[in-house]
Amino acid sequence: MAAGDAFKIVAETEWAAAEALGAYEGSAVDIKDGYIHLSTVEQLNGTAARHYAGRSGLLLLTVDLALVEGVVWEPSRGGALFPHIYGPLPVSAVTARRTMSVAADGVMTLGPVLP
């Protein structure tokens, strides 16, 4: 599958720490699984509803996969291929950030793109 953009939902506090370090090592789930979970635009709503329902204080990161080493497309939910990063996510590969929350019913609310 060709490189392009993918998306990562992170807690604002986790991303602030990553920005200070220059790279994101992943959430607790990412670290446990051995890779950073990303989603395509088509997979994003399902990921938000399944893993982030009822949460606020989140950021939606747009990741330019061409700027990331260790991207592997692997089957996951329903056999769809998901982008996974085996290694850290460089802060420099994030091309946009938006605040977001996910309602208890799984519906995402996106804020403006942050500077």
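- Minimum heavy-atom separation, Leu38 to Phe82: O-CD2, 3.5 Å.
- At a threshold of 4.5 Å between non-hydrogen side-chain atoms, the residues Asp5 and Leu65 do not count as touching.
- Residue pairs meeting the side-chain hydrogen bond (donor to acceptor under 3.5 Å, both in side chains) criterion with at least one member in residues 89-101, sequence neighbours excluded, do not occur.
- Listed by first and then second residue, the side-chain hydrogen bond (donor to acceptor under 3.5 Å, both in side chains) pairs involving residues 20-30 are Lys8-Asp30, Glu14-Tyr24, Ser27-Asp30 (not counting sequence neighbours).
- Using a 4.5 Å heavy-atom cutoff, the side chains of Val10 and Leu58 are not in contact.
- The stretch residues 89-115 participates, sequence neighbours left out, in no ring-ring contact (aromatic ring centres under 6.0 Å, His included) pair at all.
- For the pair Val91 and Ala18, the tightest heavy-atom approach, listed with the atom from each and the gap, is CG2-O, 3.5 Å.
- Cluster annotation: Val29 and Ile36 are assigned to distinct hydrophobic clusters (Ile/Leu/Val/Met/Phe/Trp/Tyr, side-chain heavy-atom contacts under 4.5 Å, transitive).
- The OH atom of Tyr52 sits 10.0 Å away from atom CG of Leu60, with the distance rounded to the nearest 0.5 Å.
- Considering CE of Met100 and CG of Leu110, their distance stands at 5.5 Å, rounded to 0.5 Å.
- Cluster membership for Trp73 and Val68, using ILVMFWY side-chain heavy atoms within less than 4.5 angstrom, is shared.
- Within the structure, the side-chain hydrogen bond (donor to acceptor under 3.5 Å, both in side chains) test picks out the following pairs touching residues 41-51 (sequence neighbours left out): Ser39-Thr47, Thr40-Glu42, Thr40-Gln43, Thr47-Arg77.
- Using a 4.5 Å heavy-atom threshold, the side chains of Ile9 and Leu44 count as touching.
- Considering only heavy atoms from C-beta on, Val94 stays 4.5 Å or farther from Thr62 through its side chain.
- Shown here for Val102 and Ala53, the closest heavy-atom pair between the two residues is CG1-CA, 3.7 Å.
- A single hydrophobic cluster is not seen to contain both Val71 and Phe7; linkage of ILVMFWY side chains at heavy-atom distances under 4.5 Å, directly or through other members, places them apart.
- Sorted pairs that involve residues 101-115 and meet salt bridge (Lys or Arg N to Asp or Glu O under 4.0 Å), not counting sequence neighbours, are lacking altogether.
- When the ring-ring contact (aromatic ring centres under 6.0 Å, His included) test is applied to Tyr35, the partners found at least two apart in sequence or on another chain are His37, His84, Tyr86.
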